[in-house]
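Here the structure comes first, spelled out in structure tokens, and everything after it is commentary.
Protein chains get the first letters and strands the later ones, always in sequence-line order, with residue 1 at the start of each. A quick note: this is a predicted structure, and the numbers were derived from the prediction, not measured.
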There are 2 protein chains.
Amino acid sequence: MQGAPHILIVDDHREIRDLVSRVLVKDGFRVSTAADGKAMRKTLADSRIDLVLLDLMLPGEDGLSLCRTLRAASNIPVIMLTAKGDEIDRVIGLEMGADDYLPKPFGSRELIARIKAVLRRTHETMTATRAEPRAKRYQFDRWGLDTGARELIRDDGATMPLSTGEYDLLIALVERPQRVLSRDQLLDLARGRTANALDRSIDTQVSRLRKKLERDPADPKIIKTVWGGGYMFTPAVTHE
Amino acid sequence: MQGAPHILIVDDHREIRDLVSRVLVKDGFRVSTAADGKAMRKTLADSRIDLVLLDLMLPGEDGLSLCRTLRAASNIPVIMLTAKGDEIDRVIGLEMGADDYLPKPFGSRELIARIKAVLRRTHETMTATRAEPRAKRYQFDRWGLDTGARELIRDDGATMPLSTGEYDLLIALVERPQRVLSRDQLLDLARGRTANALDRSIDTQVSRLRKKLERDPADPKIIKTVWGGGYMFTPAVTHE
DNA sequence: TGGCGCCTGACACACTTTGTCACAGAAATC
DNA sequence: GATTTCTGTGACAAAGTGTGTCAGGCGCCA
């Protein structure tokens with residue numbers, strides 16, 4: 001994990017989202033919020049989330065089933081929040097795959113302690129496993145990208161050396177083609193950090209990447225600029 | 001065993017993990033923790049653990065069955081911890097393969113004495129009998145690695161001599177392909193010690209290994225550098 | 001259409017991280 | 001105990017990354 005851990009709060013009450021958000025931000029975490037399962041999935045797809053705080057009671061899909069599907073698809077740690085008086089037992093939450101369980105109302109100190117404990121626990125073991133679940137191959141334009149070998153290969157067989165930063169940025173783009181990604185999102189996805197006011201590092205990295213990928217870097221076809229919005233990876237990507 | 005012994009504490013109570021952890025760290029041990037069987041297995045896969053402190057009562061899989069499976073797969077020594085009032089007898093724990101048995105509450109002096117005794121005991125027998133449970137053969141790129149003979153053989157039949165340090169580092173890498181390993185992890189896995197601030201020994205050793213493994217050491221394909229992250233062993237490894 | 005302000009591309013430069021070599025102390029071997 | 005081999009440290013070179021600057025492009029408004 002680079003930079004501050006990124007926490008996603010999933011709760012249908014705005015007041016709770018704002019309150020918890022303030023507490024976590026004050027403690028140095030990066031925070032995103034979602035009001036329901038749909039928003040949660042969107043944020044998970046668009047950011048590099050380190051931990052999910054999930055309310056048990058949600059309108060539509062409830063927290064338990066969300067937790068289960070989340071667990072099936074990834075191994076992002078989950079802390080379950082439940083309203084006081086819920087009949088649910090800690091055990092049920094943990095059986096659904098939650099890493100911890102916290103009954104409302106809870107103090108901010110306790111919340112933060114639990115988050116740090118879960119992060120510490122999963123970090124020790126996850127650094128390695130999550131990094132590359134399994135090697136994948138992507139194809140786009142005249143390029144092939146091998147995540148196992150960390151290599152970019154042109155269709156004539158020549159390998160194009162990529163620096164770590166260029167590689168990480170390219171992965172972030174290739175995994176989200178035909179979508180506008182803001183500089184914030186790219187920084188989060190590729191570097192795991194947030195931008196400060198005058199951050200131009202993504203621009204520089206895009207420029208370097210274009211110089212290696214594009215036939216004519218002055219007229220980019222692969223990574224297009226969305227004026228005022230960010231960048232978009234335009235080619236069709238065939239996966240695996 | 002090189003460096004300070006690395007102890008893994010497996011207990012579902014955070015307070016106990018933290019308390020025991022502090023005691024052991026203060027006595028010079030290196031410590032990792034896990035809250036359940038799943039976390040335990042991951043840590044065992046990612047670190048070189050010398051001894052496991054295992055709570056008998058765990059949610060999900062209980063300590064006894066964990067101990068049994070642990071024993072089936074490796075010969076890492078285990079000390080069982082049981083809550084006061086447990087009906088279980090020392091004998092049962094030992095029958096499951098534990099090396100010692102310690103009822104809660106226990107004093108820190110007693111805990112440390114037992115750990116040292118078990119380590120001393122198993123160290124003697126392990127060095128005497130066999131270091132490796134069984135010989136394995138790995139294949140990657142154009143190389144074959146025989147852990148029985150501690151030999152690296154190129155596909156044209158020539159053997160490449162490796163020093164002990166190079167061999168240990170290579171094993172650590174080969175057993176975790178396509179995963180980014182930090183210098184800390186590699187130092188732990190290959191040398192059994194932790195890094196101090198300006199430790200560059202892994203870099204040097206990687207450089208030496210590349211000079212022997214890579215076709216072109218200046219453009220490494222097998223051991224790749226992850227800038228700001230560590231190293232990654234990229235080739236597909238066929239085991240045995 | 002021209003002017004203005006903001007956004008982006010490109011590049012140089014400072015700074016951090018990594019590669020490599022020489023060397024000295026440690027360890028192994030004889 | 002002497003010699004050889006191995007390993008970690010320091011030093012310097014090389015590579016990677018982010019910031020600042022300047023030039024040019026884009027949208028907006030008159």
B:Phe29 and B:His6: CA distance, side-chain angles, deciding distance, ring-ring contact (aromatic ring centres under 6.0 Å, His included) verdict: CA-CA 6 Å; B:Phe29 291 99; B:His6 194 163; over 10 Å; no
Take B:Met160 and B:Glu166 through the side chain to side chain contact (heavy atoms under 4.5 Å, CB included) test and state the conclusion after the steps. CA-CA 11 Å; B:Met160 171 65 74; B:Glu166 288 161 357; over 6 Å; no
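In this structure, A:Leu186 places its CG atom 15 Å from C1' of C:dT8, rounding to the nearest Å. To the nearest angstrom, C1' of D:dG8 lies 12 Å from CG of B:Leu198. Summarising the geometry, the separation between NZ on B:Lys212 and C1' on D:dT5 is reported as 11 Å, rounded to the nearest angstrom. Rounded to whole Å, the distance from CG on A:Leu209 to C1' on C:dA10 is 15 Å. Counting to the nearest Å, the P atom of D:dG16 and the OH atom of B:Tyr231 are 13 Å from each other.
Nearest to the side-chain atoms of B:Gln205 among the listed nucleotides C:dC21, C:dC11, D:dT7 stands D:dT7. Of the candidate nucleotides D:dC26, D:dG8, D:dT19, D:dC26 has the atom nearest to the side chain of A:Trp227. Checking D:dT17, C:dG9, D:dG8 against the side-chain heavy atoms of A:Arg191 singles out D:dT17 as nearest.
Taking the nucleotide of DNA chain C with the nearest heavy atom to each of B:Pro217 and A:Asp203, the more 5' of the two is matched to A:Asp203. The 5' end of DNA chain D is approached more closely, in terms of each residue's nearest nucleotide, by B:Gly165 than by the other of A:Glu166 and B:Gly165.
When the side-chain nitrogen and oxygen atoms of A:Arg183 are compared with OP1 and OP2 of D:dG18, none of them lie within a distance under 4.0 Å. Taking 4.0 angstrom as the limit, B:Ser201 places none of its side-chain polar atoms (N or O) nearer than this to OP1 or OP2 of D:dT7. Residue A:Lys224 has no polar side-chain atom (N or O) positioned under 4.0 Å from OP1 or OP2 of C:dG9. Residue A:Thr225 has a polar side-chain atom (N or O) positioned under 4.0 Å from OP1 or OP2 of C:dG9. Distances shown here put a side-chain N or O of B:Lys211 below 4.0 Å from the OP1 or OP2 atom of C:dC21.
Side-chain to base pairing of B:Arg200 with C:dG19: one donor and one acceptor N or O lie within less than 3.5 Å of each other. Contact annotation: side chain of A:Arg208 to base of D:dG18, donor-acceptor pair present below 3.5 Å.
Among A:Asp188, A:Asp199, A:Asp168, the single residue meeting the salt bridge (charged side-chain N to carboxylate O under 4.0 Å, His left out) criterion with A:Arg193 is A:Asp199.
Within 4.0 Å of A:Thr204, counting heavy atoms only, lies at least one base atom of the nucleic acid.
Looking only at atom types and distance, the side chain of A:Thr225 has a donor-acceptor partner in the side chain of A:Arg210 under 3.5 Å away.
Within the 3.5 Å criterion, the main-chain N or O of B:Trp143 finds no donor-acceptor partner in the side chain of B:Asp141.
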